[in-house]
Amino acid sequence: MSHLQGKTVIVTGGGRAVLSDGSCGSIGYGIATAFAKEGANLVLTGRNVSKLMDAKEELERLYGVKVLPIQADISAGQDNEAVVANVVQQTIDTFGDIHVLINNAQASASGVTLADHTTAQFDLAMYSGLYATFYYMKACYPYLAKTQGTVINFGSGAGLFGNYGQSAYAAAKEAIRGMTRVAATEWGKDNINVNVVCPLAWTAQLENWANAYPEAFKANVKMPPMGHYGDVEKEIGRACVALTSPDLKYMSGETITLEGGMGLRP
């Protein structure tokens, strides 16, 4: 039996997005699928209710797990702590505990140069990514301490390498990476495993960016040596499953880079 059987996993940005060829094009949904195959119950958040309901229908039908979809948008000008508190309360009311928190949600105005970035575009990246990660980690901490659970946050090569046209996105992702390292230091005493994953996967968002800003895409996104981009379930999702293993507690605080066929690479 999987160590995740019957456990509760929150995945932000977990709606089902589709690539132009009809296949799954969302890292969040790929992660959710990997955990569903392990028997974990899921809480999926996102802005788009229809995408969340599509995810719920498919995951429950295919894998026999329970999925709780919750519309939640972290953005400027609202009480975001209350939004997150509602997600956490619904999770506890439905499942009783939280074992894994995956902060995957992120929106940004990629392709816009630093000089052309507006404050609203910068806020979009910061609130949807950095602030969302901050609020979810704070709200879930007591439950993760109780279950000796796992936090998996998402960084990006945009921050590691300074990608053209991704200033706000890179800033948000590097801030998340730094906060993750601090959490690993502070929460080690509670046996909470905290890591950050920097993936390169072919997603609907990346596909749309490539179509909208082909020059920026060509300058920033390189084909991995294995000749394919990461698969959202088989590589990104399965790596996240592996990071929840009790045998990997020693890796807390590591930055994990994932490229097509590369597996776990600290």
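What you are looking at is a predicted structure, and each value in this text was computed from that prediction instead of being measured. Numbers for residues simply follow the sequence, beginning at 1. What you see below is based on every heavy atom in this structure, not just the backbone, and it leaves out hydrogens, waters and symmetry mates.
Of the options Thr33, Asn41, Asp54, a side chain to side chain contact (heavy atoms under 4.5 Å, CB included) to Leu59 is made by Thr33 and by none of the others. With Lys56 as the partner, the side chain to side chain contact (heavy atoms under 4.5 Å, CB included) test is satisfied by one option alone out of Leu42, Leu44, Val67: Val67.
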Give the intermediate values and the outcome of side-chain contact (heavy atoms from CB on, under 4.5 Å) for residues Ile176 and Gln106.
CA-CA 11 Å; Ile176 290 170; Gln106 178 74 64; 4.2 Å; yes
Any chance you could lay out the side-chain contact (heavy atoms from CB on, under 4.5 Å) test for Ser26 and Val232, step after step, and finish with the verdict?
CA-CA 7 Å; Ser26 163; Val232 293; over 6 Å; no
Would you sort out whether Ile70 and Val43 count as a side-chain contact (heavy atoms from CB on, under 4.5 Å), showing the intermediate values?
CA-CA 7 Å; Ile70 306 175; Val43 178; 3.8 Å; yes
Tell me, with the steps shown, if Thr203 and Asn208 meet side-chain contact (heavy atoms from CB on, under 4.5 Å).
CA-CA 9 Å; Thr203 65; Asn208 291 338; over 6 Å; no
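In this structure the side chain of His117 never reaches within 4.5 angstrom of the side chain of Thr113, judged on heavy atoms. Between Val49 and Pro69, every side-chain heavy-atom pair lies at or beyond the 4.5 Å cut-off. Taking the side chain as every heavy atom from C-beta outward, Met179 and Met137 approach each other to under 4.5 Å. Contact annotation: the side chain of Val100 never approaches that of Leu144 to less than 4.5 Å [non-hydrogen atoms, C-beta and beyond]. With contacts defined as side-chain heavy-atom distances shorter than 4.5 Å, the pair Lys66/Glu60 qualifies. For the pair Ile98/Ile92, a side-chain contact is recorded, criterion being any heavy-atom separation below 4.5 Å from C-beta on. Between Ile236 and Asp231 there is no side-chain heavy-atom pair separated by less than 4.5 Å. Proximity of Tyr136 to Val87: side-chain heavy atoms (C-beta onward) are separated by under 4.5 Å at one or more points.
Donor-acceptor pairing under 3.5 Å is lacking for the side chains of Ser108 and Gln166. Judged purely by distance below 3.5 Å, without hydrogens or angles, the side chains of Thr244 and His3 pair a donor atom with an acceptor atom. Side-chain polar atoms of Asp123 and Gln121 form no donor-acceptor pair below 3.5 angstrom. Side-chain atoms of Gln89 and Asp93 form a donor-acceptor pair, as typed in the model, at a separation below 3.5 Å. Judged by distance alone, the side chains of Asn153 and Thr180 do bring a donor and an acceptor atom under 3.5 Å apart. Defined by atom type and a distance below 3.5 Å, a donor-acceptor pair is present between the side-chain atoms of Glu58 and Tyr29.
A salt bridge is defined here as a Lys NZ or Arg NE, NH1 or NH2 lying under 4.0 Å from an Asp or Glu carboxylate O, and Lys37 with Glu233 meets this definition. Glu57 has no carboxylate O lying under 4.0 Å from a charged side-chain N of Arg16, or vice versa, which leaves the two without a salt bridge. Using a 4.0 Å cut-off between charged side-chain N and carboxylate O, Glu174 and Arg177 make a salt bridge.
A donor-acceptor pair under 3.5 Å is formed between the side chain of Glu207 and the backbone N or O of Ser20. For the pair Ser245 (side chain) and Val241 (backbone), a donor-acceptor distance under 3.5 Å is absent. At distances below 3.5 Å, at least one donor-acceptor pair connects side-chain atoms of Asn193 with backbone N or O atoms of Leu243.
Outside the 6.0 Å centre-distance limit, the rings of Tyr213 and Phe217 are not counted as a close aromatic pair.
Note on ring orientation: taking the six-membered ring where Trp is involved, the planes of Tyr127 and Tyr131 are parallel (angle under 30°, cut-offs 30° and 60°).
The hydrophobic cluster containing Ile102 also contains Tyr63, counting ILVMFWY residues as joined when their side-chain heavy atoms lie under 4.5 angstrom apart, directly or transitively. Note on Leu124: it does not cluster hydrophobically with Tyr169, by side-chain heavy-atom contacts below 4.5 Å among ILVMFWY residues.
Of all heavy-atom pairs between Tyr229 and Ala201, the closest is CB-C, 4.2 Å.
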